[in-house]
Amino acid sequence: MGRGRTTALVRQRFRLSFVVLLAILCASTIFLTKQNSAAGMSTTTTPDPTPIQVLYAGKPDLYPEYSHYLEQAFKDNNLNVDLMDNLSSSDPSAVDYIIYNPKSQLQDFSAFTNLKAVFSLRAGVDEEASNPTLRNKNIPLTRMVDPGLREGMVEYVVGHIMRYHLGIDNSWQQKTRGQWTPNAPPVLARQRTVGILGLGELGGSCADALVHLNFQVLGWSRTEKCQNGVDCYHGIEGLTKVLSRSDVLVLLLPNTTETQNIINETTLSQCKSGVYIVNVGRGSSIHEADLLKALKEGIVKGATLDVFQTEPLPRDHPFWKHPHVLITPHIAAKSRASTASTVIAKNIWRCEKNKPLLYVVDQKAGY
Ligand code: NDP
Ligand code: OXD
């Protein structure tokens, strides 16, 4: 046997043993993988991303409903979230996001040192925006823009306007007196003017619904706006025009330094005599003593009030016994867990992907 042939044989054997060794290695890896997965152990080398820590600090009685819809919405958005509602059992510095209602126990945000955002469950964020422990953090605060909230508000506003428009109270009185008095053809919606102060998410939707019912609709906002079928005004001279033309005035304004007591003796004197007022924004918009005086003088014929300067409305407040004031306990519209959860999950997803958050409160404007 020559020397060259011996070397070739050695190389061939070496290659063969290498191939056999590789085959044994592969087989044992497959075997071990099967064993591990049979035992339920993860074989993946990349660890699961750390779950996002979300604290629910809304009304405690609504947590079961919210947790149900939130878990579903997190899943739909592929978010790995640890949702908790118990303040005492969670480490505040680990919390990424807070879902918030200012009526909950949580008032001091100082311990939440790594927060990325706070999502209010309310549309009006006056209490949240003025909380110094939150304001000082300089983290985004979002308000609730929710289809459920919007629908509820439209129904409330349209319902109460229709009560005035159709003279339903008058029908009740006639019925009580056993009176059968057919009136002349009633006024149609197209002959009535509704002014909406605050032409935002909710005011804008109410305006649309009223336009569809043929009412003449005027809208008033802080900045210039344009909305189909609505006569839009802004600024202080715009307000005077809306007041002087409206048969019904709807207030859907946030509570800011500019809107406080905007309905007062002076602005009431600019209203059409016999105006009806529906306040579903914030109680701070109306100077209540001035409204009572305007009701007495007949400038205002009736008021439907859902919000007040002090809530709950104090037991001895003159509104309670006033025959032309209807009171509802701040229930005009509420965020719905089923729809609000989707909005929150979408916003967490956006924040995690470094996309701009939706519905961020402008701290300077206050809403
Ligand atoms: P938005 O922020 O979408 O709209 C607010 C509107 O008010 C905007 O059109 C804004 O003007 C206008 N506005 C604000 N400041 C002034 C000002 N100084 N002068 C004139 N217009 C002004 O809020 P939403 O529509 O979502 O909600 C409105 C309010 O309704 C909430 O802030 C809350 O207080 C109240 N609310 C009450 C509920 C209830 O159950 N009673 C339920 C939900 C909300 P611009 O368009 O130029 O910004
Ligand atoms: C509110 C709300 O702002 O309930 O009043 O959303």
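Note that ligands are numbered from 1 as they come in the structure, with each ligand's atoms numbered from 1 the same way. Since the structure is predicted, the reported quantities are computational estimates derived from the model, not experimental observations.
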Just heavy atoms, cut-off under 4.0 Å: does [X] contact ligand 1 by side chain, backbone, both, or neither?
| X | result |
| --- | --- |
| Met153 | side chain |
| Asp306 | side chain |
| Val125 | neither |

Value rounded to 0.5 Å, distance of CG in Leu106 from CG in Asn101: 10.5 Å

Distance, nearest 0.5 Å, that separates CD1 of Ile139 from CG of Leu141: 8.0 Å

For [atom], what is the closest protein heavy atom, and at what distance to 0.1 Å?
| atom | value |
| --- | --- |
| atom 6 (O) of ligand 2 | Ala123 N, 2.8 Å |
| atom 37 (C) of ligand 1 | Val280 O, 3.0 Å |
| atom 19 (N) of ligand 1 | Trp220 CH2, 3.3 Å |
| atom 30 (O) of ligand 1 | Leu252 CD2, 3.6 Å |
| atom 23 (O) of ligand 1 | Arg143 NH1, 3.5 Å |
| atom 5 (C) of ligand 1 | Pro254 CD, 3.9 Å |
| atom 5 (O) of ligand 2 | His330 NE2, 2.7 Å |
| atom 18 (N) of ligand 1 | Glu258 OE1, 3.0 Å |
| atom 48 (O) of ligand 1 | Tyr367 OH, 2.5 Å |
| atom 27 (O) of ligand 1 | Leu202 CD1, 3.5 Å |

Give yes or no for whether the N/O distance cutoff of 3.5 Å, strictly under, is met between [X] and ligand 1.
| X | result |
| --- | --- |
| Thr256 | no |
| Lys334 | no |
| Leu149 | no |
| Arg282 | yes |
| Val307 | no |
| Ile331 | no |

Close side-chain approach of Leu197 and Ile263, heavy atoms under 4.5 Å: yes

Taking [X] as the fixed residue, which of [options] is the one that meets the side chain to side chain contact (heavy atoms under 4.5 Å, CB included) rule?
| X | options | answer |
| --- | --- | --- |
| Val300 | Leu249, Leu292, Leu268 | Leu268 |
| Asn279 | Leu291, Thr304, Leu251, Leu252 | Leu251 |
| Asp306 | Leu326, Val280, Ile327 | Val280 |

Hydrophobic cluster identity match, Ile99 and Tyr69, side-chain contacts under 4.5 Å: no

Atoms in ligand 2 with a heavy atom of Lys334 nearer than 4.0 Å: 4 (O)

Backbone of Ala73 reached by a side-chain donor or acceptor of Asn77 within 3.5 Å: yes

Mind checking whether [X] has an N or O less than 3.5 Å away from an N or O of ligand 2?
| X | result |
| --- | --- |
| Leu149 | no |
| Leu121 | no |
| Ser335 | no |
| Arg282 | yes |

Salt-bridge criterion met for [X] and [Y] (N-O under 4.0 Å):
| X | Y | value |
| --- | --- | --- |
| Glu128 | Arg135 | no |
| Arg245 | Asp231 | yes |
| Glu297 | Lys293 | yes |
| Arg336 | Glu151 | no |
| Arg222 | Glu258 | no |

Which of the ligand 1 atoms, numbered from 1, are nearer than 4.0 Å to a heavy atom of [X]:
| X | answer |
| --- | --- |
| His330 | 39 (C), 40 (O), 41 (N) |
| Gly198 | 6 (C), 7 (O), 9 (O), 12 (C) |
| Gly124 | 31 (C), 32 (O), 33 (C), 34 (O) |

Near-ring test Tyr164/His160, centroid separation under 6.0 angstrom: no

Best match, Gly219, Ser335, Ser284, Gly200: closest heavy atom to atom 8 (C) of ligand 1: Gly200

The one among Lys225, Met144, Arg222 that brings a heavy atom closest to atom 46 (O) of ligand 1: Lys225

Whether Tyr97 and Phe119 hold their rings parallel, tilted or perpendicular, with breakpoints at 30° and 60°: parallel

Aromatic ring pairing His165/Phe215, orientation class (parallel under 30°, perpendicular over 60°, tilted between): perpendicular

Donor-acceptor pair between Asp208 and Gln227 side chains, under 3.5 angstrom: yes

Proximity flag Asn255 to ligand 1, non-hydrogen atoms under 4.0 Å: no

Contact check, Leu199 vs ligand 1, heavy-atom distance below 4.0 Å: yes

Passing option when Asp247 is tested against Arg192, Lys272, Lys301 for salt bridge (Lys or Arg N to Asp or Glu O under 4.0 Å): Lys272

